[in-house]
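See below for the structure under consideration.
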Amino acid sequence: MPDIVKKVKIKEIFTSIQGEGLYVGEKQVFVRFCRCNLACSYCDTDFIAENAIEYNEEKLFDILAGNDAQTISFTGGEPLIEKDFLFSFLEKYKQKLNKKIYLETNGTLYKNLSELIDYVDVVSMDIKLESATKEKNRFLDNEKFLDIANQKETFIKVVFDNNIKDDEIDSCIKLARKYCNFIVLQPKMPISSDIELNEIYDKFYKKYKKIRLIPQVHKFLNLL
Ligand code: SF4
């Protein structure tokens, strides 16, 4: 049973279109948390977040209930760090909100996910590749994570650049085959002029057909 945490610091709450993954183009209300357990080299998250605001459950519920977006995206940072708050909040308010709960996660905090999974509808799980992030590959954690996430609609998103290695491609495909059967390939931003999109796409495609190449669309549209 998680600890009861009724307040949390949130970096920002905003409405926009989802710019990544299989739900690209859908209107969502985003709840962006500040903290993360990783330190990817390309990360643009403001972890200090001096302007972050503390919300209690009631205040957050009022804001989300009054928003006409039908999907709430919990994002970060890594939202699962705030699992005690999220558990308490969603246990009390998920039914009343009557909206889809969409979790954007780095796919490593599987124990936290196991406590929250009942309240999540869609899991968008990044595989953070060492070749792109300079963080160590965490395929074992990713596998434990997918083993739990698999109860719900789940897809894998792989952020890559020209440094992607063949064994990383194989590991991603193995996980997708076993668990969610779909991979979104997302070029690292800003997309470098010499990125070998076709070559990398084909390396996946030769071994695995259920892939889509989808960049961060919101950045092209100058949306949040
Ligand atoms: S997992 Fe996401 S939020 Fe965390 S360091 Fe990596 S890019 Fe940043």
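Counting convention: from 1, in listed order, for ligands and their atoms alike. Keep in mind that the numbers below use all heavy atoms, side chains included, and drop hydrogens, waters and symmetry copies.
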Using the benzene-type ring in the case of Trp, are the ring centres of Phe87 and Tyr119 under 6.0 Å apart? yes
If you group Ile, Leu, Val, Met, Phe, Trp and Tyr whenever their side-chain heavy atoms sit less than 4.5 Å apart, what else falls in with Tyr42? Val159
By the salt bridge (Lys or Arg N to Asp or Glu O under 4.0 Å) test, which pairs, at least two apart or in different chains, include something from residues 93-112? Lys94-Asp121
So that I know where these two stand, are Tyr208 and Phe204 an aromatic pair - ring centroids less than 6.0 Å apart? no
Can you run down the salt bridge (Lys or Arg N to Asp or Glu O under 4.0 Å) pairs that involve residues 68-77, sequence neighbours left out, and say none if there aren't any? Lys27-Asp68
Return all protein N, O or S atoms below 2.8 Å from atom 4 (Fe) of ligand 1, chain by chain in residue order. Cys36 SG
Between Phe30 and Phe14 (judged by ring centroids, cut-off 6.0 Å), do the two rings come close enough to count as a pair? yes
